[in-house]
Structures are given as structure tokens and as C-alpha cells.
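Written below as C-alpha cells is the structure these notes are about.
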Amino acid sequence: MNSTLILSVQGAWYNRSEQTWAPSLQQPRLLPQSHILSDFDNAPCGVMMVDSRPDFAAAVIEKQLRSEGLVDGEAHVLTHRIISAGGGCRVFYTAVPLAVWQATFGWLHGQASVGLLFSVEAAMLALAQRHDAVLCRIGRQFRFLVAQAGNLIYLSSTAFSDDPDDIETALLNLADQARTQWQPRHAKMSVYWCDLLAPNAEDGTPLQARLGERLGVNIEVAPVTQMT
């Protein structure tokens, strides 16, 4: 039996039925072997240096994010990868607001079928372990991850609008940030580009070329499927 993919990004659900993808504001009914990819309502994520043992990293990150006002109330912190560094560690995390976390699992527990839930960051990490770097585009937002050879770098940038110039500016700002932290070792290195919900298959082509020029690397584009 083929698995069913469900996307939950930018406040909407996208459920594939046969060859048609349908957006909805309501949580769909799970079919057997469903895989759900979610941004948890655009939950805060990033890489943080934590001066504590890995066992306490999630609690330290939640406290830090609350003190900075990046999360409102309690959060469930997912620690995707932890790298020891001196007396502390560097952590790649997603801080899911507790209300969103509870609502998501309340929906899962109420389903007749079992679904496997993945965060966008967890999916990026899986890809980053097979590629030099990964860039995921979700609408106007760009997310960049390097997670190889002891490197753990995560950056994000969001355009002010859907205007093509604003989107390109956001991407180039991200590339400039990446250049200060990530230096490709040779010309054959590449960035794996993943587009979620792109307007069309060619929409990202000019952006991919600009990113490759800015970073001096090749751009490898993930396969795409047209929503009919």
C-alpha cells in the first residue's frame, strides 16, 4: 500500500487524494500509512549554544526563547540534533507552542489510522546528512541548513511580500548570512533546493541561479510533483 502525504504549512492543510491535492483549513482524516509534514504553525526554530548537559538542553532553550519573547507561554522543544561543544552543546531545535503540540496530538489520537508526523526541520536534517547544504522554500520564507562534519548552521529569511524583487532580496540576504558561516571547500559542493508549494515548476529557477552565483556552489533541485 502506498503511503499518503499530508502537508501542514503556513496555517493550511494539503491532502492528496488520488492525483488531486486539495487545500483545507480543517485537519483531514488520516488514511492508513499517512505521513504528515508540518511546520507547526511556523514554530520558532534554529541553532542555539547551550551551556548545559544535553539532557537539559530542551528546558534551557525554552527558558531562553520565553525570556526573549519568541514563544508565548509553554513550548514543547524538539531537539533534532545535539553536538557537544566544550562544557555545553549546540542544538538544532524546533520550539512548538504547547497548545499547538497538544492540538496536533489530540487530532492524531482521534484518528482511526496511525500517522507518522515529521517537522519540516527534521526533514531538512535528514536531507542535510546526505547533501552539503539544504535550502527549503515555503512561500515567502527560506530556510537554510548545514549539518555535516561537525557543522551545524541554520538560517532563515522571510520576504516582506510576494513581489519577486522582495523574494529575491530575502534569498540574497540569506545567502550573505550563509557566506559568513559556511565556506564551501571546493567548487563541486552544492545546495539541495526543496520547494514546498511553489506556484509552478519553473518559479524557482531564477532564484536558484542567483543563489548559486552568490554562494559559488552548484544547486541541486529536488524532484517536483504538479498538483492537478
Side-chain angles (χ1 to χ4, degrees), residues 7 9-10 37-50 61 65 68 70 77-83 85 89-96 118-162 164-199 203-224:
L7 301 179
V9 293
Q10 296 188 332
L37 183 65
S38 176
D39 66 357
F40 292 105
D41 287 350
N42 201 24
C45 52
V47 171
M48 184 181 294
M49 183 66 193
V50 177
I61 291 171
L65 294 177
E68 295 175 0
L70 296 177
V77 177
L78 303 173
T79 53
H80 306 296
R81 187 176 182 189
I82 299 176
I83 297 178
C89 53
R90 288 174 60 81
V91 185
F92 179 37
Y93 69 88
T94 302
V96 184
F118 302 89
S119 69
V120 170
E121 293 76 38
M124 289 183 66
L125 179 61
L127 291 171
Q129 292 173 334
R130 302 197 299 270
H131 300 276
D132 299 312
V134 173
L135 185 141
C136 178
R137 178 191 174 194
I138 308 177
R140 293 188 284 118
Q141 185 183 68
F142 298 95
R143 306 179 182 204
F144 178 85
L145 176 66
V146 177
Q148 279 195 347
N151 286 335
L152 191 53
I153 302 166
Y154 178 85
L155 302 165
S156 66
S157 179
T158 303
F160 292 111
S161 72
D162 292 322
D165 289 339
D166 284 346
I167 290 177
E168 181 176 318
T169 297
L171 175 64
L172 295 182
N173 286 340
L174 180 70
D176 289 342
Q177 294 179 60
R179 285 196 303 179
T180 66
Q181 300 187 47
W182 182 57
Q183 296 294 329
R185 297 183 301 278
H186 52 76
K188 292 184 178 181
M189 293 185 71
S190 64
V191 173
Y192 193 65
W193 177 290
C194 302
D195 247 322
L196 290 182
L197 308 178
D203 173 72
T205 302
L207 296 173
Q208 294 155 13
R210 295 289 282 135
L211 179 67
E213 293 170 1
R214 201 75 154 204
L215 291 179
V217 297
N218 299 315
I219 304 298
E220 183 181 356
V221 183
V224 296

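Index from 1, following the sequence. Computation of the quantities below employed the complete heavy-atom set of this structure, encompassing side-chain atoms and omitting hydrogens, waters and symmetry-equivalent molecules. Because the structure is a prediction, the values reported are computed rather than measured.
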inquiry  = So, using side-chain contact (heavy atoms from CB on, under 4.5 Å) as the criterion, who are the partners of Phe160 when residues are at least two apart?
reply    = Asp166
query = Between OG1 of Thr158 and CG of Asn173, what distance do you get to the nearest 0.5 Å?
reply = 11.0 Å
ask   = Taking atom types as modelled and ignoring hydrogens, do the side chains of Arg210 and Gln208 form a donor-acceptor contact shorter than 3.5 angstrom?
value = no
query = What distance do Thr79 atom OG1 and Ile61 atom CD1 have between them, rounded to the nearest 0.5 Å?
reply = 7.0 Å
query = Would you say Ser38's side chain and Phe40's backbone share a donor-acceptor pair under 3.5 angstrom?
reply = yes
ask   = Sub-3.5 Å donor-acceptor pair from the side chain of Arg90 to the main-chain atoms of Ala85, do we have one?
value = no
task = Provide the closest heavy-atom pair for Ser157 versus Ala170 in the form atom of the first, atom of the second, distance.
result = OG-O, 3.0 Å
message = Determine whether a donor-acceptor pair (N or O, by modelled atom type, separation under 3.5 Å) exists between the side chain of Gln141 and the backbone of Arg137.
response = no
key: With Gln148 via side-chain contact (heavy atoms from CB on, under 4.5 Å) - residues at least two apart   = Asp132
ask   = After noting the C-alpha distance and the side-chain angles of Arg143 and Leu135, does the key distance pass the side chain to side chain contact (heavy atoms under 4.5 Å, CB included) rule?
value = CA-CA 6 Å; Arg143 306 179 182 204; Leu135 185 141; over 6 Å; no
ask   = Distance from Asp39 atom CG to Cys45 atom SG, nearest 0.5 Å?
value = 9.0 Å
key: For Ala126, side-chain contact (heavy atoms from CB on, under 4.5 Å) partners two or more places apart   = none
request  = Show your working on side chain to side chain contact (heavy atoms under 4.5 Å, CB included) between Leu171 and Leu211 and close with a plain yes or no.
outcome  = CA-CA 7 Å; Leu171 175 64; Leu211 179 67; 4.1 Å; yes
key: Pairwise side-chain contact, Leu65 with Tyr93, heavy-atom cut-off 4.5 Å (strictly under)   = yes
query = Just how far is it from atom SG of Cys136 to atom CG of Leu145, taken to the nearest 0.5 Å?
reply = 10.5 Å
ask   = Taking side chain as C-beta onward, heavy atoms only, is His80 less than 4.5 Å from Ser119?
value = yes
request  = Please name the pair of heavy atoms, one in Arg81 and one in Ala147, separated by the smallest distance, quoted to 0.1 Å.
outcome  = NH1-O, 3.0 Å
Atom of Leu174, atom of Ser156 and distance for their closest heavy-atom approach = CD1-N, 3.7 Å
Distance-only criterion, 3.5 Å: show the donor-acceptor pairs between side-chain atoms of residues 189-196 and protein atoms not counting sequence neighbours.
unit_1 : atom_1 : unit_2 : atom_2 : d
Trp193 : NE1    : Asp195 : OD2    : 3.0

query = Which pairs, with at least one residue in residues 144-153 and sequence neighbours excluded, count as a salt bridge (Lys or Arg N to Asp or Glu O under 4.0 Å)?
reply = none
query = Hey, are the side chains of Leu207 and Ile167 touching, using non-hydrogen atoms and a 4.5 Å cut-off?
reply = yes
ask   = Counting only N and O atoms by type, is there a donor-acceptor contact under 3.5 Å from the side chain of Gln177 to the main-chain atoms of Leu155?
value = no
task = Quick one: list whatever passes side-chain hydrogen bond (donor to acceptor under 3.5 Å, both in side chains) with Asp41, sequence neighbours left out.
result = none
Residues Cys89, Met49; criterion side chain to side chain contact (heavy atoms under 4.5 Å, CB included); working and verdict = CA-CA 6 Å; Cys89 53; Met49 183 66 193; 6.0 Å; no
message = So, taking the atom named CZ in Arg214 and the one named CG in Asp176, what distance separates them when rounded to the nearest 0.5 Å?
response = 4.5 Å
inquiry  = So, taking the atom named CD1 in Ile138 and the one named CG in Asn42, what distance separates them when rounded to the nearest 0.5 Å?
reply    = 7.5 Å
inquiry  = For a side chain to side chain contact (heavy atoms under 4.5 Å, CB included) check, start with the C-alpha distance between Tyr154 and Val146, then their side-chain angles and the critical distance, and finish with the verdict.
reply    = CA-CA 7 Å; Tyr154 178 85; Val146 177; over 6 Å; no
ask   = With a 4.5 Å heavy-atom cut-off, do Leu172 and Phe142 have their side chains touching?
value = no
